[in-house]
Visitor: 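Structure incoming, see below.
Quick caveat, the model's predicted, so the values are computed rather than measured. By convention here, the first residue in the shown sequence is residue 1.
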Amino acid sequence: MLIRLSGGRVIDPANGRDGIGDIWIRDDRIVEPVAGESPDMVYDITGKIVMAGAIDIHSHIAGGNVNTARLLLPENHRAHTARPAATPLSTAGWSTFETGCRYAAMGYTTVIEPAVPPHLALHSHLELADIPIIDKGTLSVLGNDDFLLGLIRDNAGPAAIADYVGATVGATKGIGIKCINAGAAMAFKHNVRSFALDDIVPEYNLSSRTIVEALQQAVLDLGIPHPLHLHTNNLGIGGNVETAIATIAAARGKPLHLAHLQFYSYGKEGKRGFSSAAAELAEAVNANPNVTVDVGQVMFRQTVTISMDVLRQFNAMGTASPKKSVIYDGDANGGGIVPFNYRSNNFYNAVQWASGLELFLLITDPMRVFFSTDHPNGAPYTTYPDLFALIMSREARASWLADLPAAAVEMTTLPSLTREYSFYDIATMTRVAPAKLLGLRDRGHLGPGALADVAIYHDDPDRAAMFRFAHLVFKDGDLVIRDGRVTHYRFGRALKVSPTYDSAIDRRLSRYYDELYGISHEMFKVPASALGRENPFGEVACGR
């Protein structure tokens with residue numbers, strides 16, 4: 001099948017394009033214009049905006065915490081817009097099936113679930129396999145598990161740690177490694193209730209800093225494209241900007257991705273001891289080109305916070321709205337589910353909202369700042385279109401600021417910021433940059449050879465409306481969305497890396513699980529045959 005997308009405004013920063021032109025698709029790939037050959041199908045997209053399919057590097061869309069949140073909040077299912085009756089589980093809101101449909105409607109074609117504990121990898125992959133249209137990927141969580149902490153404590157050396165990380169990523173079919181409040185969940189089991197970068201994990205005599213350094217080096221040694229994805233210490237606490245800046249310094253020039261940075265951008269100014277320190281933090285990011293970040297933007301509405309940072313979630317139980325929560329102290333990280341309602345008339349929530357937007361506007365390189373709400377922690381991913389509108393319009397921000405508490409606005413620099421993102425910036429931040437950071441050479445751009453993941457939008461002055469419902473979306477050259485509605489269901493792949501490591505670590509792990517738990521280490525592996533999809537995985541190049 002040869003397809004011509006004719007006459008749209010093509011915005012493709014990876015190839016330096018921003019102008020009127022055509023895109024040619026043959027089967028599942030973008031191809032050069034074909035001289036003398038008539039296309040099988042032509043779409044006249046004159047007046048439309050054309051970008052590659054968008055990529056989300058941090059969105060919690062599968063796994064135990066997501067399911068527990070669904071069970072905890074049945075009222076949200078009842079309040080949710082009814083699904084089409086002909087689709088599976090049509091009475092359920094926020095199902096796995098609906099996740100793929102809503103992402104695709106916004107022009108997204110790849111989404112990464114950033115927090116999968118190794119022992120829940122199969123469960124998470126089974127859920128991801130049920131999400132239609134989009135490609136997916138997972139980050140395996142390490143940093144609070146006994147085996148890793150034991151290796152570091154016993155001075156096993158960088159090679160052994162890299163072998164363990166490589167074995168874990170390979171077995172769980174991940175695309176990289178995430179670390180959540182390194183050491184804190186283990187310390188929580190010893191009744192520790194606050195944990196900073198240089199605090200010590202009882203019984204292991206290791207600091208959070210030491211654990212992060214070890215994982216960061218292992219990712220480098222294995223040649224995993226995506227750098228260590230770090231949820232650092234002291235999330236959500238006034239004055240935690242000092243922790244974030246100290247963590248950036250601790251990276252010592254090595255690649256590091258800081259997750260949901262907005263939740264670490266708080267100072268202690270003002271009578272409430274809570275202010276935006278986003279300007280100071282953005283300055284640190286700008287000065288350290290080895291660091292990338294996603295924002296974790298807050299939006300005012302009901303949501304639910306889900307995290308394997310069990311210490312943080314335990315401390316947040318008092319702010320639950322509605323007043324119910326789940327905290328579990330389980331294997332490795334444990335976790336917590338705490339509903340939360342961000343309110344525009346709340347001083348603290350208003351500062352959070354503003355500080356996230358400050359980060360977007362003050363971090364100068366769109367290749368190093370990524371779009372996220374840390375779904376669903378800052379807000380559901382369905383708020384993305386509203387947030388695109390805010391970073392693209394100073395006037396829109398001013399309108400929102402006028403309704404916020406004046407005392408909160410005084411604690412931020414947002415009113416003074418005039419920057420407005422262009423389409424080119426949006427395409428860079430949501431297409432080119434995440435593809436590069438994840439090592440996905442086949443997407444994020446519209447050059448010949450790329451996957452034919454293409455999103456076409458109406459050039460609507462209402463940018464939120466424009467990005468909420470794409471005009472056309474192609475996944476692997478297959479038309480799946482027309483004017484925001486699914487035209488064709490299909491299933492994507494789970495992207496993974498296969499790092500090379502010394503297999504002796506597998507035998508050591510087998511002995512460990514057999515002697516400690518009486519179970520086989522093999523049970524943590526994710527076999528393709530279990531997922532019920534043809535060719536369920538896509539390989540991402542790995543290695544130096």
Side-chain angles (χ1 to χ4, degrees), residues 57-58 114 139-144 148-149 151-166 169 176-184 195-201 204-235 239-261 263-265 277-295 309 359 362-365 367-370 433 436-439 499 542-544:
I57 69 164
H58 192 111
L139 299 179
S140 304
V141 175
L142 294 176
N144 281 285
L148 173 70
L149 300 190
L151 286 177
I152 302 173
R153 176 195 57 200
D154 299 339
N155 297 314
I161 295 169
D163 289 339
Y164 173 52
V165 171
V169 175
I177 288 290
K178 183 183 185 185
C179 180
I180 299 173
N181 204 349
F195 199 74
L197 186 61
D198 290 309
D199 286 345
I200 300 298
V201 185
Y204 294 89
N205 196 31
L206 299 173
S207 69
S208 192
R209 180 192 298 266
T210 302
I211 300 166
V212 170
E213 287 178 343
L215 286 174
Q216 195 179 14
Q217 187 60 49
V219 170
L220 282 171
D221 291 343
L222 291 166
I224 295 174
H226 185 44
L228 179 64
H229 195 105
L230 181 62
H231 163 138
T232 191
N233 319 90
N234 291 335
L235 185 145
N240 64 5
V241 66
E242 296 177 4
T243 301
I245 291 175
T247 303
I248 291 172
R252 294 184 294 182
K254 295 177 181 176
L256 179 67
H257 181 83
L258 290 174
H260 37 70
L261 196 66
F263 289 107
Y264 301 98
S265 63
E280 183 181 356
L281 189 50
E283 184 178 354
V285 173
N286 288 334
N288 289 273
N290 59 305
V291 172
T292 55
V293 308
D294 62 84
V295 169
D309 188 344
L359 291 173
L362 290 170
I363 296 175
T364 54
D365 184 357
M367 286 293 289
R368 296 202 290 123
V369 57
F370 296 84
K436 180 181 179 184
L437 191 70
L438 294 165
C542 177
R544 290 185 167 180

Visitor: So Pro114 and Ile57, do their side chains get closer than 4.5 Å, heavy atoms only?
Guide: no
Visitor: Would you find a donor on one side and an acceptor on the other, under 3.5 Å apart, between the side chain of Asn144 and the backbone of Ala184?
Guide: yes
Visitor: What heavy-atom pair brings Ile211 and Gly143 nearest, and what distance separates the two atoms?
Guide: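 What the structure gives for the nearest pair is CG2-O, 3.8 Å.
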Visitor: Taking C-beta and beyond as the side chain, do Val201 and Phe195 meet within less than 4.5 Å on heavy atoms?
Guide: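 Yes, side chains in contact.
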Visitor: Determine whether Leu142 and Tyr164 satisfy the following criterion, side chain to side chain contact (heavy atoms under 4.5 Å, CB included), listing intermediate values before the conclusion.
Guide: CA-CA 10 Å; Leu142 294 176; Tyr164 173 52; 3.7 Å; yes
Visitor: One thing to verify: whether Lys254 and Glu213 come together as a salt bridge, which I'm taking to mean a side-chain N less than 4.0 angstrom from a carboxylate O.
Guide: no
Visitor: So do Val369 and Val295 actually touch side chain to side chain, heavy atoms under 4.5 Å?
Guide: yes
Visitor: Distance from Thr292 atom OG1 to His226 atom NE2, nearest 0.5 Å?
Guide: 6.5 Å
Visitor: Would you say the side chains of His260 and His231 form a donor-acceptor pair under 3.5 Å?
Guide: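 Checked: His260/His231 side chains pair up, N/O donor to acceptor below 3.5 Å.
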Visitor: How long is the span from the CD1 atom in Ile363 to the CZ atom in Arg368, to the nearest 0.5 Å?
Guide: 7.5 Å
Visitor: How close do Leu222 and Gly166 get, heavy atom to heavy atom, and via which atoms?
Guide: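 What the structure gives for the nearest pair is CD1-N, 3.4 Å.
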Visitor: How long is the span from the CD atom in Glu280 to the CG atom in Leu362, to the nearest 0.5 Å?
Guide: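 CG of Leu362 is found 12.0 Å from CD of Glu280.
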Visitor: What are the two closest non-hydrogen atoms of Ala182 and Ser208, and how far apart are they?
Guide: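 Closest pair (atom of Ala182, atom of Ser208, distance): O-OG, 2.8 Å.
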Visitor: Determine yes or no for a side-chain-to-main-chain donor-acceptor pair under 3.5 angstrom, with Asn288 supplying the side chain and Asn290 the backbone.
Guide: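 It does not hold such a pair.
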Visitor: Find the distance between CG (Leu235) and CZ (Phe263) and round it off to the nearest 0.5 Å.
Guide: 6.5 Å
Visitor: How far apart are the closest heavy atoms of Ala259 and Tyr264, and which atoms are they?
Guide: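 Heavy atoms only, the tightest pair is O-CE1, 3.6 Å.
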Visitor: Using 30° and 60° as the class limits, which term best fits the ring planes of His229 and His58: parallel, tilted or perpendicular?
Guide: parallel
Visitor: For the residue pair Leu139 and Ile177, establish whether any side-chain heavy-atom pair is separated by less than 4.5 Å.
Guide: no
Visitor: Just by distance, do the side chain of Asp199 and the backbone of Ala196 share a donor-acceptor pair under 3.5 Å?
Guide: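 Confirmed, Asp199 side chain pairs with Ala196 backbone.
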Visitor: Under the side chain to side chain contact (heavy atoms under 4.5 Å, CB included) rule, what do Ile161 and Leu148 come out as? Steps first, then yes or no, please.
Guide: CA-CA 7 Å; Ile161 295 169; Leu148 173 70; 4.0 Å; yes
Visitor: Using modelled atom types and a 3.5 Å cut-off, is there a donor and acceptor pairing between side-chain atoms of Asn286 and backbone atoms of Leu281?
Guide: no
Visitor: Please report the closest heavy-atom contact between Leu151 and Ala160, naming both atoms and the distance.
Guide: CD1-O, 4.1 Å
Visitor: Asn240 side chain to Asn234 main-chain N or O, any donor-acceptor pair under 3.5 Å?
Guide: yes
Visitor: CD/Gln216 to CG/Asp221 distance, rounded to the nearest 0.5 angstrom?
Guide: 11.0 Å
Visitor: Are any of the side-chain heavy atoms of Leu258 and Thr247 separated by less than 4.5 Å?
Guide: yes
Visitor: Please lay out, stage by stage, how Leu149 and Leu206 fare under the test side chain to side chain contact (heavy atoms under 4.5 Å, CB included).
Guide: CA-CA 8 Å; Leu149 300 190; Leu206 299 173; 4.2 Å; yes
Visitor: I need the minimum non-hydrogen distance between Leu438 and Pro225, along with the two atoms involved.
Guide: O-CB, 3.8 Å
Visitor: Are Val212 and Leu228 close enough that some pair of their side-chain heavy atoms sits under 4.5 Å apart?
Guide: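 A side-chain contact under 4.5 Å exists here.
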Visitor: Quick one: pull up CG in Leu230 and CD1 in Ile248 and give me the separation to the nearest 0.5 Å.
Guide: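 So the gap between those two atoms works out to 10.5 Å.
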Visitor: Show, in sequence, the C-alpha distance, side-chain angles and deciding distance for Asn205 and Ile200, and conclude whether the side chain to side chain contact (heavy atoms under 4.5 Å, CB included) test is met.
Guide: CA-CA 6 Å; Asn205 196 31; Ile200 300 298; 3.6 Å; yes
Visitor: Say whether Asn233 and Thr243, considering side chains only, have a donor N or O and an acceptor N or O under 3.5 Å apart.
Guide: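 There is no such pair (donor and acceptor under 3.5 Å, judged by atom type) between the side chains of Asn233 and Thr243.
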